[in-house]
Amino acid sequence: MRRRQPGASGVPVILLVPALVGLAFLVIPLLGLLVRTPWSSLPGQLAAPGVRSALQLSLVSATLATAVSLVLGVPLAWVLARSRVPGRSMLRALVTVPLVLPPVVGGVALLLGLGRRGVLGQYLFSWFGISLPFSTAAVVLAEAFVAMPFLVVAVEGALRAADQRYEQAAATLGADRWTTFRRVTVPMVAPGIVSGAVLCWARALGEFGATITFAGNFPGRTQTVPLAVYLALQTDPQAAIVLSLLMLSVSVLVLVGLRGRWAGGLA
Amino acid sequence: MRRRQPGASGVPVILLVPALVGLAFLVIPLLGLLVRTPWSSLPGQLAAPGVRSALQLSLVSATLATAVSLVLGVPLAWVLARSRVPGRSMLRALVTVPLVLPPVVGGVALLLGLGRRGVLGQYLFSWFGISLPFSTAAVVLAEAFVAMPFLVVAVEGALRAADQRYEQAAATLGADRWTTFRRVTVPMVAPGIVSGAVLCWARALGEFGATITFAGNFPGRTQTVPLAVYLALQTDPQAAIVLSLLMLSVSVLVLVGLRGRWAGGLA
Amino acid sequence: MSSTSGLQGQLRVRRAEFTLDLVLAVPAGSVTALLGPNGAGKTTSLSLLAGLLPLDTGRVSLDDTVLDDPGAGVFLAPERRPVGVVFQDYLLFPHLSVLDNVAFGPRSRGAGRRAARVIAQRWLERLGLGEHASARPRRLSGGQAQRVAIARALATDPRLLLLDEPLAALDASTRVEVRSELRRHLRDYPGATVLVTHDPLDAMVLADQIVVIEGGRAVQQGSPAEVARHPRTAYVARLVGLNLYRGRASGTTVELDEGARLAVGPAHSGPVFLAFPPSAVALHRARPDGSPRNCWPVTVAGLEQQGNLVRLALAGHPAVLADVTAAAVAALDLVPGAKVWAAVKATEIEVYPG
Amino acid sequence: MSSTSGLQGQLRVRRAEFTLDLVLAVPAGSVTALLGPNGAGKTTSLSLLAGLLPLDTGRVSLDDTVLDDPGAGVFLAPERRPVGVVFQDYLLFPHLSVLDNVAFGPRSRGAGRRAARVIAQRWLERLGLGEHASARPRRLSGGQAQRVAIARALATDPRLLLLDEPLAALDASTRVEVRSELRRHLRDYPGATVLVTHDPLDAMVLADQIVVIEGGRAVQQGSPAEVARHPRTAYVARLVGLNLYRGRASGTTVELDEGARLAVGPAHSGPVFLAFPPSAVALHRARPDGSPRNCWPVTVAGLEQQGNLVRLALAGHPAVLADVTAAAVAALDLVPGAKVWAAVKATEIEVYPG
Amino acid sequence: STSGAAAGPSASPKGALASPTSDRPSVPALSGNVVVFAAASLTKTFTDLAHSFESAHPGVHVQLSFGGSPTLAQQIEQGAPADVFASADQAVMAQAVKAAAIAGTPQTFATNVLEIAVPVGNPGHVTSLAAFADPSLRIAVCAVQVPCGAASAKVFAVAGITPRPDTLEQDVTAVLTKVELGEVDAGLVYRTDVAVAGAKVLGIPFPQSGAAVNIYPIAQVAHAPNPAAAVAFIDYVRGPIGRQALAQAGFGSP
Ligand SMILES: Nc1ncnc2c1ncn2[C@@H]1O[C@H](COP(=O)(O)OP(=O)(O)OP(=O)(O)O)[C@@H](O)[C@H]1O
Ligand SMILES: Nc1ncnc2c1ncn2[C@@H]1O[C@H](COP(=O)(O)OP(=O)(O)OP(=O)(O)O)[C@@H](O)[C@H]1O
Ligand SMILES: [Mg+2]
Ligand SMILES: [Mg+2]
């Protein structure tokens, strides 16, 4: 058993086998899709009107939803992991609620909460004239609602695994909690935040049920690719698959590009 | 600015405000649901036949899917984070594919891969007589397909954040990679694995599109709560909400119980 | 300086099976060394002072500010304490360059980015690390990392400085330099310093007061000279046994501040410290001829028996401590008042720039 | 033992701006000490030997096994090397108890759970940590953690032992004990040992061979006695300046293995080590009266000038090194062949159980 | 209640094409957006109709939002700014009426009947509804909670068959997907769905389908932002061009 390079590709069989099975499990269905795709019809499908705008809307709204989730979710994760507010484990479980809620019910909940007649939404409407549903903002909110918990839970896990003594060292250097958070905690758990953001973005990109319920399905305004896929499934399942693959390729490209840059920054 | 207990509930405003906004954003829609729930009809709804079996099936299959994901996903995350197989960043992006795929398309992909005429499934069927669709196993597989990527990405993030020098120390003590993985790596990234498993379980519990597409919907065999909720939505939205809340409460209870135990073990 | 100036601490805390119970008073501008065996509670004491661990009971105040007083419900968070800490395991931020590690404190305490970097660069250069400014801590050797940790703590100009074995990882030559730098800094430093060390020379050179703790309690306390002269246990005697003088060198001769003159090995110039262990002092009935460059008449002022050793306090110019065996005491008839010659070899005397 | 028995290393590696280029040969059963200033490349050398860093070029072999040879494309993974390492920053597993940390090695190398724990418990007790067996490493003090790290490395019975400043965090008294324990272990230990230390006494007591490195290159190499007798630089002279003898104590008298007899301070019995620095040796033209218990006639065999100091090799019973000033050389006319009396105070002699 | 609704201009296609121009002087010119919430099964038909409606009324822009009928109803009840609601299910529409979300009376504009769908090649040799009781076959039908499931239950009752389905799908599309992929040997779907699927499935009509005719109602939403355009669109769908397009897609007339 000799090889060059320590820590190199020598992966123990007992890990390699399940890893390969896992990979196959995730990839074989994708292969199924690829094999059955009517490649000849692809150019026509992609050129169809609305595809570009749906793709653009999907990418923009998923990215915005991720931004919202980062801004709100990372602090939330920090509070859950670091502070000693009472009832923390209850709060933590509540955060996972949107994960468990069937997305359509999530959309209904959003309507009931933020809709024009919702618990909070009625005031938004009567006081400020803001009506969220059926707008692009609603798409972002629906996606954030469904995807943010992934970020929060992932980042909280990373925070728990991090060595808190570095934060203590920062405190002795006069850094208040915010400075410590910004300059020590966040950089040290950066890989966890990146993972969380990737999960969040991917989930937002694929979001369907809550979006169609809360934001409706208007081409150019709220029709993201998954909604377009849903409609295509009604009329032309092949087109639906082509559309899904298109979104997949874009997301894989984005993630490969992103990871390359991030990994460089971190390693 | 004086207070007792270092590192206590003193949370800086600049973190507290976004955290609270984030929490409100996740909780207000839930409040909307709770406010509009027809509480008086609740006992009747819960006693309805099929509710118990759907809940049981949901919990069992989500737990099995999480177990499958742990067994396959943790090694996969390790390979992605630690080994130097070529094309790793491509593999990593591929793993996120099921996140991005609209769940219904995910179900179609599973049928194309593992169905009776699928890429792999046709051999399973003709050689072993195994037909996965429409079985409880299919529910578990569909949920695992959709939920495993969450585990993989979260665990990979945790692995990247962990200090690899402890693994080097284990190697100098004669531990092979598997022993190191089992006795050093896994315990040290345990919080990340727990986060990933929670994400995975919650996502599996709420899974709808891929399940109904790949496993179908048959009470007692493949009808999980989200499927029952979806159908109830068609005729009796109130009942659907009650059913969702039931599942939520169960999942919150499970997570609170679990976290309490885990946190005790880790802190 | 008011009467409350400096650090006043009454530290009591339980950690699992270990209990710490210690009273500390460190006047502003002075240095207290904590000495003691492994697990005595030295690091725990520093954690209490830094606010990383709250007191169970007791009280800590610095100048006129109460830092921790559980009885009164007062606790000042670490970041609000004007404290600098060198941790035993450094805790350098792995994601920041060496320069930014050192600049972290000044920036957190309000300096601009550029100003903080200038301060940091100056400190790095003083500690001989100028060329590593842009490196990541992971790329440093153990000794380099420790020096960065020292620079980081000093760069904030704290009113209370806590140093946990700040020189342990340094090699012999670097240690001399860093010790001098630290002494230079502490001499001009208006705040209080608590220093944990295992090295008696560090304690003698740097500290105005020594507190020896064992099992969480102070077993002896006083100025280095007092503790050295009257060690309560053999452990303490061994730990703090040094003759220490301050003087002015020109070449291999040092004019002591207290008036006498000693020959030393290596040539120096300017203010210096001289140190040699009591065991290096030979006593003779008559003036000996031979290699020892330093010989002067002394009178036995006191004897303290520590096991098989006797520590003698000798009056003379300069006054000096000597460790001799019981056999030598008998042979030379060393009773109080006895007059003998003390001899110290020039090569036995350690010389440090003061 | 065959001629290739032990460690043969030709180590070459570049790390950013730093280049290491070192040849090491450590026969089985012997100990080589790596000495050198901070950042000299000591830890880097150990990483190469442990397989935590691959060579750029060169070759490392242990007994008859090639561990690393980039030219031949051979690299043995760390876990396949029969190597034990004490890391400079310990790297104790935070999630395992102290006992399980120490039992980790034996278990990984095939012992059963219970057998491994028995081995671990024995090692912990030898190092005075029996009562901390069930504690988590986080709860240990710095010195306790270091002892656990030593126990963990020794418990695997490796054929190559790599120790990176294994005694740095230990207090004076613990250090003596742990050093003795380590020596006892190394004496019976059939494998090769490489020891990094800043403490000359550790090097002299524990090592058979000393390699001094600076800036990644060996600047001097040889047995402690050779290096001590002919130090190439003042730095080396200072670093390795110790007279070291082995003998058998009864009370305060030690019968040296080479025949002579020396008086010491504390009473001991059984085999011991005696150590004192060359600076502790006073030379006299005539036999002096006075406190030095040990006086014997010697002949100047050699002189080596180091700056202002002169290191004399003196033949006699026992042979001894003495550091004196240039002034003393002139005053006593110390030319080769000159006959003088050497005097060493009993209290200057450090005694360690051997 | 909806059967006698075919009022307005006469049903000749020519007349329908001419009517917008001839109506223009008598009706105030339509303008602005008209928002149409329509059942997903109407996607293709309504998309085409919207285009021709827009060219007939150059000032009007039709915005379509497709989804499941219950979802759309829920959104409308929550105040969605819709003008027209076209449901695939009478019960859902009735629910919306009850919730006061609908202005006026809903009108029927299309019907649909069930058909048996089998994979290409008909591997299960299905010829009639009786196959649905064969336990050796893989069978998919809609769940009773959704309209196609209710309709299926009716035809089974009329035919006196106890079906042995392997799955109760959430909508016809899901049934159709499984038929297309060959995962089931037969499914019960609407005629329009078989038409959409083209060559990928084989439709087998059966005599009992008349027992369950699915009715599609359309209505103006209460508080519609653009009621005039809503009325015009509803009329257009129910008019000759609408009927022709619906017929082409396989819908029956009201
Ligand atoms: N987090 C903790 N929980 C419980 N006990 C602890 C903890 N940290 C330290 N201890 C115990 O408290 C005692 C004092 O530890 P401390 O670190 O203060 O010692 P120290 O004097 O700094 O020793 P050293 O010189 O070895 O660094 C030790 O017995 C240690 O085991
Ligand atoms: N990972 C690394 N990458 C690049 N350079 C490194 C790395 N680790 C160490 N170095 C550099 O290599 C040189 C040798 O470091 P090494 O840790 O071997 O020193 P050392 O002799 O152990 O010093 P010390 O006594 O302070 O522990 C140093 O200049 C250090 O900055
Ligand atoms: Mg300590
Ligand atoms: Mg080192």
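Protein chains get the first letters and strands the later ones, always in sequence-line order, with residue 1 at the start of each. All values reported here derive from a predicted model rather than from experimental measurement.
- A search for ring-ring contact (aromatic ring centres under 6.0 Å, His included) contacts involving B/F25 returns nothing, not counting sequence neighbours.
- Scanning both residues, B/L173 and D/S108, for their nearest heavy atoms gives O-CB, 3.6 Å.
- Taking a cutoff of 4.0 Å between a charged side-chain nitrogen and a carboxylate oxygen, D/R80 and B/D176 do not qualify as a salt bridge.
- Using a 4.5 Å heavy-atom threshold, the side chains of B/M188 and D/P94 count as touching.
- Of the two parts of D/F87, only the side chain, counted from C-beta on, holds a non-hydrogen atom closer than 4.5 Å to a non-hydrogen atom of chain B.
- Interface remark: D/L92 contributes backbone atoms only to the contact with chain B (heavy atom separation under 4.5 Å).
- In this structure, B/R165 and D/D89 have side chains that are in contact, with non-hydrogen atoms separated by less than 4.5 Å.
- Within the 4.5 Å cutoff, no side-chain heavy atoms of B/T172 are placed close to those of D/V83.
- In this structure, CG on D/L53 lies 8.5 Å from CD on B/Q168, to the nearest 0.5 angstrom.
- Side-chain N or O atoms of D/H95 include one that pairs as donor or acceptor with a backbone N or O of B/R183 at under 3.5 Å.
- Of the listed residues (D/T156, D/V85, D/D100), the greatest number of heavy-atom pairs within a distance under 4.5 Å of chain B belongs to D/V85.
- To the nearest 0.5 Å, the span separating CD on D/E79 from OG1 on B/T180 amounts to 6.5 Å.
- Residue D/R139 places its CZ atom among 12 or fewer non-hydrogen atoms of other residues, nucleotides or ligands, all under 6.0 Å distant.
- The two residues D/F93 and B/Y166 make their nearest non-hydrogen contact at CE2-O, 3.3 Å.
- Residue D/R107 touches chain B through its side chain alone, counting heavy-atom pairs closer than 4.5 Å.
- Applying the side-chain contact (heavy atoms from CB on, under 4.5 Å) test to D/D157 and every residue at least two apart in sequence or in another chain returns D/H185.
- Under a cut-off of 6.0 angstrom, the local environment of CZ in B/R182 is crowded, with over 12 non-hydrogen atoms contributed by other residues, nucleotides or ligands.
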